Student: 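If you scroll down you'll find the structure; I have some questions about it.
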Amino acid sequence: MNVYKIYLDQLTQLLFNFKSDNNLTFDFNEILTKLTLEPPKSLDHGDMSTNLAMILSKYLSLKPIQIANMFIGYIAKLPGVDEVNVAGPGFINIKLTEKTWNSCLKSILSNEKKWDATDLGNGKKINIEYISANPTGPLHAGHTRGAVFGDALASLLKEVGYEVTKEYYINDAGSQIDKLVNSALLRYEECLGKKIKEIPEGLYPGEYLKEVGQKLVEQFGSDLKSNEPSKVSELVRQVSLDVIMKIIRNDLLRLGIEMDVYTSEKEIISGSLLEKTLSILEDKDLIYKGILDPPKGTKPKNWEEREQLLFKSSNFGDDTDRALKKSDGSWTYFATDMAYHLDKINRTNGNLINVLGADHIGYISRINAAVQALSDGSISIDTKVCSLVNLLEDGKPVKMSKRSGNFVTLSDIIDAVGKDVIRFIMLTRRNDQSLDFDFKKVTEKSKDNPVFYVQYAHARCNSIFKSANVLEKDLLADNFSNLTTKEEIELIKFISLWPRSLELAAKNHEPHRLCYYLIELSSLFHSLWNKGKDDQSFKFIIDNNKKLTNSRLCLVKAVAMTIRKGLKILSIEPVLEM
RNA sequence: GGACGCGUAGCUCAGCUGGAUAGAGCAACUGCCUUCUAAGCAGUAGGUCAGAGGUUCGAAUCCUCUCGCGUUCACCA
């Protein structure tokens, strides 16, 4: 029951009739893609506004205003329409009757679950890969934003009907794993009683590896190293990864995140996917041996001109072709990542989303190229880049030192401010904007803190039900014709915008829009609440008027419901009391 | 030097894939608590949308160039 959709359908019908009545030849579908019915910026312009006349102007070679005047008579006759007028360069503004809005509220309350249903996703499959942090240590501050963003986007897409797979790629191969193994072995020796002065530069110094050392002693005793070196390293690798991935999963759970699929890089390498990938690319003549030009400008110090196996990613808009094999003959990260993306394409049978940190921005175009090449352009991949988060404590930067292993972990942040605060604040900025996360501000109980502001609105709704001595669930939808004040109608209008906001957020892959919607809804509600302070007649509970009280409480219920819908998508618990 | 992103009120940021007079919060100033939570609300003031061109009925939004900030730049992951 999306009002905007209902009237857009009616407009489409009018347009269709107009076209056939006048034997016009314009491309109907082309017009439809441009046709909009939107809430105007200013409420003075009515409830909805369409660009119908402006887009037709080109095809009919008439001025927009002339065309608009041809339509307004028809639009005015549509059910529920109060006024229609032409304004500005040719907008057609439509004002709906109070009754229409009253019945909107009714249908919202009587279809709590379905009123914002949409067919946007329509069961289409989509795979979203996020976090994918190296399994060499616990998640830290830098991973938090991508984790929250990816997770919110995933549930947003699920909400609008996509079949979503949430995926974590475990980089359990490559040189950082060798470092991990060596670091763990030191902890193993330490656990056996050997004194470790300091973890050497280049290895992982974090305390969490002590647990790995301990586990190794428990499982293999003191003679682990009597095995063949390759076997030792494999055993240590497995135990280390087990321990660390358990820590990571547990931290994610505390943040409210459960991934559907964990895929191992090592398994991609040892399986047949790499060969498959190469043969697909070879068939398309996209692989060759060649010499890359050094990067323009500053030349890397140890640049070595060398023939290597290359993928023609420049055919697909990348700046240069990309290497598939390292100088030691092993596959590059990119080569296995291509195979991994082929794997995702095959499993998903739908579009892909990757969530990356800003430091990987240079990597995007080659992955786009790979996906395009491997899917013959049939699969689209949208890479969302999350910019830096500046951790602050009352305006001053929190010091982090990776070298000592003394960085702020995700777990620390959850301990300090809680999951709900992290999730909301991380989404109060567009993903490509950098964000300040101030430990003091985000826990402040003031209007300056959006989490608090929205939660307070929800708690206030609940407190009103309490004062009225009713249970929210017992409030029943009525015809609501007694809700007539400007403020009440405006609130209903804004709630009616929810399905539209949801769809736009999903379409654009921008979950932050939900936060802004919730903040604005809360603001409208706080505003109306306070109006009752100045003028008793605006109070929700009117002592000698049961019917009006019921209607107003229902409006409050609709606010609470909508806030909960939004918070649920963000995986944030609504608060009942503060 | 190349690539990508960003540049909107004093500060922090929205701006609905091109719409009407560019919007919030903070800070500043002025009001509102015997009342459903003042942890809030109302009002005032604040703008060359970095700059210059272009595209069209119409540009903060799209294109080109310039300036500034950030990330990144064979073989790492």
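Keep in mind that this is a model prediction, so the values were computed, not measured. Letters A, B, ... are given to chains in the order of the sequence lines, protein chains preceding strands, and every chain is numbered from 1.
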Student: Answer yes or no: is there an ion pair linking R460(A) with E577(A), defined by an N-O contact shorter than 4.0 Å?
Tutor: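 No.
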Student: Mind checking A87(A) for me? I need base, sugar-phosphate or nothing, with any heavy atom below 4.0 Å counting as a touch.
Tutor: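 Counting heavy atoms under 4.0 Å across all strands, the contact made by A87(A) includes a base.
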Student: I want to confirm an ordering. Mapping K507(A) and L528(A) to their closest nucleotides on RNA chain B, which one lands closer to the 5' end?
Tutor: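 The 5'-side residue here is K507(A).
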Student: Given the rule that a pair is Watson-Crick or G-U wobble with both distances under 3.5 Å, how would you write RNA chain B in dot-bracket, using | for pairs to a different strand?
Tutor: (((((((..((((.....[...)))).(((((.......))))).....(((((..]....))))))))))))....
Student: With syn defined as a glycosidic angle within 90° of 0 and anti as everything else, classify rC33(B).
Tutor: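 Chi for rC33(B) falls in the syn range.
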Student: Less than 4.0 Å between a side-chain N and a carboxylate O, is that true for D535(A) and K531(A)?
Tutor: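 No, K531(A) and D535(A) are not salt-bridged.
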Student: Can you find a side chain N or O atom of S49(A) that sits less than 4.0 Å from OP1 or OP2 on rG19(B)?
Tutor: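 Result: no.
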Student: How are the rings of Y517(A) and W498(A) set to each other: parallel, tilted or perpendicular (split at 30° and 60°)?
Tutor: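 Because their plane-to-plane angle lies in the 30° to 60° range, the rings of Y517(A) and W498(A) count as tilted.
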Student: Give a yes or no on whether a donor-acceptor pair under 3.5 Å exists between the nucleobase atoms of rA74(B), that is its base, and the side chain of T320(A).
Tutor: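 In this structure, the two groups form no donor-acceptor pair.
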Student: Looking at every strand, decide which applies to K466(A) at a 4.0 Å heavy-atom threshold: base, sugar-phosphate, or nothing.
Tutor: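 Answer is nothing: K466(A) stays at 4.0 Å or more from every strand.
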Student: Below 4.0 angstrom, N of the basic side chain to O of the carboxylate: do K493(A) and E490(A) qualify?
Tutor: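 No, this pair does not count.
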Student: Restricting both atoms to N or O, compile the protein contacts to nucleotides 32-35 of chain B shorter than 3.5 Å, with distance only.
Tutor:
from	atom 1	to	atom 2	distance (Å)
rU35(B)	O2	Q536(A)	NE2	2.4
rU35(B)	N3	Q536(A)	NE2	3.4
rU35(B)	O4	K533(A)	O	3.4

Student: Roughly, in whole Å, what's the span from OH in Y453(A) to C1' in rC41(B)?
Tutor: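 So the two atoms are 8 Å apart, to the nearest Å.
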Student: Does K5(A) pair with E503(A) as a salt bridge, N-O distance under 4.0 Å?
Tutor: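 Result for this pair is yes, salt bridge flagged.
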Student: By nearest heavy atom, map L388(A) and I92(A) onto RNA chain B; which one lands nearer the 5' end?
Tutor: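 Result of the comparison: I92(A).
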Student: Return the set of residues passing side chain to side chain contact (heavy atoms under 4.5 Å, CB included) with S330(A) (not counting sequence neighbours), or none when no residue passes.
Tutor: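 Side chain to side chain contact (heavy atoms under 4.5 Å, CB included) check on S330(A) returns K326(A), D328(A).
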Student: Could you tell me if the side chain of L521(A) sits less than 4.5 Å from the side chain of F494(A), heavy atoms only?
Tutor: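 Yes, their side chains come closer than 4.5 Å.
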Student: Are E167(A) and K344(A) close enough for a salt bridge, meaning some N to O gap below 4.0 Å?
Tutor: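 Salt bridge between E167(A) and K344(A), a charged N being under 4.0 Å from a carboxylate O: no.
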Student: When you check every protein heavy atom under 4.0 Å of nucleotides 6-14 of chain B, what one-letter string (B, S, -) results, 5' to 3'?
Tutor: SS----SSS
Student: For rG15(B) and rC49(B), measure between their C1' atoms and round to the nearest Å.
Tutor: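 11 Å, rounded to whole Å.
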Student: With no hydrogens and no angle check, is any side-chain donor or acceptor of D438(A) less than 3.5 Å from a backbone partner on D394(A)?
Tutor: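 Yes; at least one donor-acceptor contact below 3.5 Å.
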Student: For D328(A), report the nucleic acid contact type (base, sugar-phosphate, nothing); a contact means any heavy atom under 4.0 Å.
Tutor: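 No contact.
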Student: So, does the side chain of N93(A) form a donor-acceptor pair with the base of rA20(B) at under 3.5 Å?
Tutor: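 Present.
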Student: List, one per line, each side-chain donor-acceptor pair under 3.5 Å for residues 386-393 of chain A, sequence neighbours excluded.
Tutor:
from	atom 1	to	atom 2	distance (Å)
S387(A)	OG	D432(A)	O	3.0
N390(A)	ND2	D436(A)	OD1	2.9

Student: Using a heavy-atom cut-off of under 4.0 Å over every strand shown, decide if L292(A) touches base, sugar-phosphate, or nothing.
Tutor: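 If one applies the 4.0 Å heavy-atom cut-off, L292(A) turns out to touch the sugar-phosphate alone, with no base involved.
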Student: How about Y4(A) and L497(A): do any of their side-chain heavy atoms sit closer than 4.5 Å?
Tutor: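 Counting from C-beta outward, Y4(A) and L497(A) do come under 4.5 Å.
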Student: Taking only the C1' atom of each, what is the distance from rG2(B) to rG47(B) in whole angstrom?
Tutor: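 Approximately 35 Å lies between the C1' atom of rG2(B) and that of rG47(B).
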Student: When you compare the side chain of L15(A) with that of F71(A), does any pair of heavy atoms fall below 4.5 Å?
Tutor: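 Result yes, sub-4.5 Å side-chain heavy-atom pair found.
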Student: According to a strict under-4.0 Å criterion, is K266(A) in side-chain N/O contact with OP1 or OP2 of rA77(B)?
Tutor: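 Answer no for this pair, as no side-chain N or O of K266(A) is under 4.0 Å from OP1 or OP2.
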Student: Side-chain donor or acceptor of R500(A) under 3.5 Å from a matching atom on the base of rC16(B)?
Tutor: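 Indeed, a donor on one side and an acceptor on the other fall under 3.5 Å apart.
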Student: Can you tell me, in whole Å, how much space there is between the C1' of rA20(B) and that of rA60(B)?
Tutor: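 Nearest-Å result for rA20(B) against rA60(B) at atom C1': 15 Å.
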Student: Could you say whether the aromatic ring of H526(A) and the base of rA39(B) stack, counting only centre distances under 5.5 Å and plane angles under 30°?
Tutor: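 Here H526(A) fails the 5.5 Å or the 30° condition.
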Student: Using atom names, set out every protein N or O paired with an N or O of nucleotides 56-63 of chain B below 3.5 Å, distance rounded to 0.1 Å.
Tutor:
none

